[in-house]
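Working notes, beginning with the structure itself.
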2 protein chains.
Amino acid sequence: MTQSRSFTPSSTVPANQMAATGPGDRTGCPWHTVKAKLREVGLRPTRQRMALGWILFAKGDRHVTAEMLYEEANHAKVPVSLATVYNTLHQFTEVGLLRQVAVDGSKAYFDTNNSEHHHFFIEDQNDLMDIPSSDVVVGTAPMPPEGYEIARIDVVVRLRRKR
Amino acid sequence: MTQSRSFTPSSTVPANQMAATGPGDRTGCPWHTVKAKLREVGLRPTRQRMALGWILFAKGDRHVTAEMLYEEANHAKVPVSLATVYNTLHQFTEVGLLRQVAVDGSKAYFDTNNSEHHHFFIEDQNDLMDIPSSDVVVGTAPMPPEGYEIARIDVVVRLRRKR
DNA sequence: TTACGTGCAAATAATTTGCAGTCCC
DNA sequence: GGGACTGCAAATTATTTGCACGTAA
């Protein structure tokens with residue numbers, strides 16, 4: 001039932017994300033940008049956090065599971081343990097570098113884009129992708145019950161293959 | 001766990017013996033309505049499916065996890081195994097009697113209301129509730145990528161306690 | 001040096017599955 | 001009676017945790 005097939009690495013990297021890094025940005029390899037990011041949020045820039053941060057943030061918007069990131073890191077000759085991947089993902093999420101997306105699979109997806117936007121979820125392939133922010137309009141925010149305020153609104157548009 | 005709703009078993013009515021009732025539309029104990037529902041979708045109305053269906057549908061819109069339903073059933077003197085609860089929830093979902101809602105916890109929630117509507121999710125309490133269908137407007141449905149069509153749009157409004 | 005990080009493996013938590021026995025039609 | 005259904009316990013899957021060791025500041 002849970003088909004964990006391999007992913008085609010999504011080649012669609014919107015270049016609009018590559019702007020606005022720190023001063024002295026190096027070409028396509030923002031190693032010390034990652035370091036700066038980590039310092040900024042108070043996380044010590046260790047080897048594995050740097051590596052994971054590099055994988056996550058160097059390529060624009062990404063949607064990863066712990067498993068995916070783990071394999072990618074080890075592929076890239078950066079041995080990290082799965083436990084560390086989980087820890088790091090959660091730490092990054094806590095400080096706002098990542099955002100956890102709830103799709104209905106039992107796995108947790110993490111999104112490197114923490115700005116206001118929503119998602120397509122392709123059910124057959126367990127694949128997540130951003131919806132251009134211009135494309136969905138949440139017309140009226142609903143009124144929350146007494147004593148509560150809205151923390152976030154998540155929209156997931158589930159897709160199936162057309163036939 | 002957070003669901004402190006008390007179950008109202010109609011202790012005055014020995015329900016398991018009043019199968020052949022007339023068309024008296026009695027609120028609160030639609031025993032043969034459940035049976036009809038099950039027959040309609042091609043599921044054999046067994047004792048446990050009837051009981052679970054009764055718990056789920058007799059009280060209007062509900063949001064349950066497998067665990068919650070399991071405890072509720074056993075509380076109501078209807079012993080079912082947890083495995084059967086899972087099986088039943090999935091069978092009900094497959095035939096459209098239920099709908100699975102993806103909130104970000106690791107648990108799966110099932111909603112007895114399978115019509116178009118969205119949800120509030122109270123993060124502190126892990127509590128789900130319907131949003132009145134008039135309250136959220138998904139303005140424009142986004143255009144799906146080539147070859148895909150929209151299966152469903154899920155909106156979850158996350159709430160936190162105001163302070 | 002020293003507190004914070006990391007790796008490993010074992011522990012949980014949620015859910016699924018295999019199979020022998022049970023019950024509806 | 002026969003095949004669909006159920007219960008139990010063991011198996012899977014995703015994630016977390018405890019603890020000895022490593023490493024950035």
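Just the heavy atoms: all of them, side chains too, but no hydrogens, waters or symmetry mates, feed the values below.
One end of the helix from C/dT1-D/dA25 to C/dC25-D/dG1 points its axis 30° away from the other end's axis, with each axis taken from 5 pairs and the angle rounded to 10°.
The stretch residues 77-92 of chain A participates, sequence neighbours left out, in no salt bridge (Lys or Arg N to Asp or Glu O under 4.0 Å) pair at all. Among pairs with a residue in residues 83-93 of chain B, none fulfils salt bridge (Lys or Arg N to Asp or Glu O under 4.0 Å), at least two apart in sequence or across chains.
With sequence neighbours left out, the side chain to side chain donor-acceptor pair (under 3.5 Å) criterion links A/Gln48 to no other residue. Residues that satisfy the salt bridge (charged side-chain N to carboxylate O under 4.0 Å, His left out) test with A/Asp154, not counting sequence neighbours, are A/Arg99, A/Arg152, B/Arg158. Partners of B/Ser81 by side chain to side chain contact (heavy atoms under 4.5 Å, CB included), not counting sequence neighbours, listed by chain and number: B/Ala83, B/Thr84. B/Glu149 meets the salt bridge (charged side-chain N to carboxylate O under 4.0 Å, His left out) test with A/Arg160; sequence neighbours excluded. In this structure, the side chain to side chain contact (heavy atoms under 4.5 Å, CB included) partners of A/Pro45, at least two apart in sequence or on a different chain, are A/Lys35, A/Leu38, A/Arg39, A/Met50. Among residues two or more places apart in sequence or in another chain, the side chain to side chain contact (heavy atoms under 4.5 Å, CB included) test is passed with B/Arg161 by A/Tyr148, B/Asp124, B/Gln125. Considering only residues two or more places apart in sequence or on other chains, A/Glu71 meets the side chain to side chain donor-acceptor pair (under 3.5 Å) condition with none of them.
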Could you go step by step and tell me if A/His63 and A/Asp127 meet the side chain to side chain donor-acceptor pair (under 3.5 Å) rule? CA-CA 8 Å; A/His63 305 90; A/Asp127 198 8; over 6 Å; no
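Regarding B/Gln91, its CD atom lies at a distance of 13 Å from the P atom of C/dT17, rounded to whole Å. Protein atom CD of A/Gln100 is 12 Å distant from nucleotide atom C1' of D/dA14, rounded to whole Å. Atom P of nucleotide C/dA14 and atom CG of B/Leu89 are separated by 15 Å, given to the nearest angstrom. Atom-to-atom, CG of A/Asn126 to P of D/dA14 comes out at 10 Å; the value is rounded to the nearest Å. Nucleotide D/dC19 holds its P atom 16 Å from the CG atom of A/Asn87, rounded to whole Å. Separating the CZ atom of B/Arg39 from the P atom of D/dC5 is a distance of 12 Å, rounded to the nearest angstrom. In this structure, B/Leu38 atom CG and D/dT6 atom P are separated by 10 Å, rounded to whole Å. Rounded to an integer number of Å, the gap from B/Met68 CE to C/dA14 C1' is 15 Å.
Where B/Leu82 and A/Ala66 each meet DNA chain D at their nearest nucleotide, the meeting point lying more 5' is that of B/Leu82.
With distances taken from any side-chain atom of A/His90 to the nucleotides D/dT16, C/dT6, D/dT15, the minimum falls on D/dT16.
Less than 4.0 Å separates DNA chain C from at least one heavy atom of each of the following residues of residues 41-49 of chain B: B/Arg44, B/Pro45, B/Arg47.
Within 6.0 Å of the CE atom in A/Met143, the count of heavy atoms belonging to other residues, nucleotides or ligands does not exceed 12.
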List every contact pair, protein side and nucleotides 8-13 of chain C side both N or O, where the distance is under 3.5 Å.
none

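Using a 4.0 Å cut-off, some side-chain N or O of B/Tyr86 falls inside it from OP1 or OP2 of C/dT15.
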